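Data first, discussion second: the structure below is written as structure tokens.
Letters A, B, ... are given to chains in the order of the sequence lines, protein chains preceding strands, and every chain is numbered from 1. What you see is a predicted model; the values in this text were computed from it and never measured.
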There are 2 protein chains.
Amino acid sequence: MEKPPGSEIEIFRDFIKKKGLRYTPEREVILREIFNIHDHFDVDELYLRLRNKGHRISKASIYRTLPLLIECGLVQEVYHEDGHMHYEHIYGHEPHAHFRCLSCRRVEEFRDERLEEVAREYAERYGVEIKMTRFEILGYCSSCRGEEG
Amino acid sequence: MEKPPGSEIEIFRDFIKKKGLRYTPEREVILREIFNIHDHFDVDELYLRLRNKGHRISKASIYRTLPLLIECGLVQEVYHEDGHMHYEHIYGHEPHAHFRCLSCRRVEEFRDERLEEVAREYAERYGVEIKMTRFEILGYCSSCRGEEG
DNA sequence: TAAACTATTGAAACAAAATTTCAATAAGGT
DNA sequence: ACCTTATTGAAATTTTGTTTCAATAGTTTA
């Protein structure tokens with residue numbers, strides 16, 4: 001059950017401790033489940049997955065935990081769709097961008113180093129400190145194009 | 001009061017007509033006000049600005065008009081913050097990216113052609129049709145860095 | 001220009017997302 | 001084991017956005 005040093009678990013625990021907060025089972029269960037989801041997710045989906053595994057974690061706790069996970073860089077808001085936010089875990093993943101089809105809602109990830117380059121150069125020129133970047137392409141995928149675009 | 005051909009007004013009217021919808025004063029007032037805001041805005045701000053000018057446009061109409069303006073490419077969702085969406089008009093503006101300071105909430109625009117290049121190449125490789133792109137850098141601006149980042 | 005058709009409007013009801021309240025619990029230090 | 005206080009779940013609340021519906025008003029047709 002113990003995770004090796006440098007794991008998301010350890011990072012989260014260290015972060016929580018450093019902030020003077022308490023490392024609770026609920027927080028760990030939420031974190032573990034998020035890192036079991038190898039896809040984008042929303043609060044409702046996460047909540048249901050936890051319930052199906054027998055955990056009785058409230059949505060309030062999920063809503064309270066997510067900002068912490070984002071603050072310590074383990075989780076990211078990916079996009080806002082259908083009236084609510086969608087997330088993904090990012091620790092251990094290379095930075096990547098997203099293509100979203102406006103018709104079938106499919107989401108594809110892709111990688112391009114120029115994006116980080118652009119961000120790095122901006123940060124250097126304006127003296128800002130980057131926390132995260134987000135690049136999205138919205139449009140119609142090859143199957144859907146022509147249908148409404 | 002009439003705008004020259006190719007103006008946002010004309011584009012919107014043509015778009016509305018082509019869809020078989022009706023070009024109403026409310027829709028035009030909303031469009032005009034949006035193009036008077038030379039900054040990002042949210043629904044509430046737009047609503048208050050219209051009220052202050054004596055217009056009695058309901059929020060429902062704003063919520064109903066925005067998707068139309070987005071569909072015809074005059075307006076864009078820029079980012080979701082504080083629980084609601086923020087928009088900007090884009091007609092007549094070069095494509096640009098955003099830096100948002102997580103501390104002071106300041107938003108800066110910047111331009112980098114490599115971003116469009118990345119999108120164009122992706123579209124070509126995967127045969128997708130681009131409707132819009134979005135690039136954001138989130139972090140701490142030069143004044144705020146060190147405070148919490 | 002009158003009549004007919006039907007999309008649009010404002011207001012209010014509604015639904016959904018996210019936050020807050022609060023009493024009970026439990027983490028973590030002493 | 002005790003104490004302090006952060007965290008929890010549940011429910012209430014707030015906020016965002018959507019839908020309903022009767023009244024209004026574009027637009028087309030004759």
Over-ring placement of Arg100(A) relative to Tyr79(A), 6.0 Å and 45° cut-offs: yes
The residue, Val43(A) or Pro25(A), whose nearest nucleotide of DNA chain C is more 5′ is Val43(A)
How long is the line joining CD1 of Ile16(B) and P of dT27(D), in whole Å? 10 Å
Of dA6(D), dG9(D), dG10(C), the nucleotide closest to the side chain of Ser58(A) is dG9(D)
Classify the nucleic acid contact of Lys17(A) as base, sugar-phosphate or nothing, counting any heavy atom under 4.0 Å across all strands shown. sugar-phosphate
Between Tyr63(A) and dT19(C), is there a side-chain N or O to OP1/OP2 distance below 4.0 Å? no
Glu81(B) CD to dA18(C) C1', in whole Å, measures 15 Å
Side-chain contact check for His84(A): nearest option of dG9(D), dA17(C), dG28(C) is dA17(C)
Is it the case that Tyr47(A) and Arg51(A) place a side-chain donor and acceptor less than 3.5 Å from each other? yes
Do you see a donor-acceptor pair shorter than 3.5 Å between the side chains of His98(A) and Glu136(A)? no
For dT8(D) and Thr24(A) - does any side-chain N or O of the residue sit under 4.0 Å from the phosphate oxygens OP1/OP2? yes
Using atom CG of Leu66(B) as one end and atom P of dT18(D) as the other, report the distance to the nearest whole Å. 10 Å
Heavy-atom donor-acceptor pair, Arg64(B) side-chain to dT18(D) base, under 3.5 Å: no
Decide whether a cation-pi geometry holds between Arg145(A) and Tyr140(A); the criteria are a distance under 6.0 Å from NZ or CZ to the six-membered ring centre and an angle within 45° of the ring axis. no
Verify whether one side chain among His80(A) and His84(A) offers a donor that lies under 3.5 Å from an acceptor in the other. no
Please give, in whole Å, the distance from dT16(D) P to Asp82(B) CG? 9 Å
Nucleotide dA16(C), atom P - distance to NE2 of His80(A) in whole Å: 15 Å
Atom CG of Leu21(B) and atom C1' of dA25(D): how far apart are they, to the nearest Å? 15 Å
In terms of the nearest nucleotide of DNA chain C, which residue is placed more toward the 5' end: Gly83(B) or Ala60(B)? Ala60(B)
Nearest-angstrom distance from the residue atom CG of Asp44(A) to C1' of dA18(C): 12 Å
Arg27(B) (side chain) and dT8(C) (base): donor-acceptor pair under 3.5 Å: no
Between atom NZ in Lys59(B) and atom P in dT16(D), what is the gap in whole Å? 7 Å
The nucleotide from dG9(D), dA6(D), dG26(D) with an atom nearest the side chain of Arg22(A) is dA6(D)
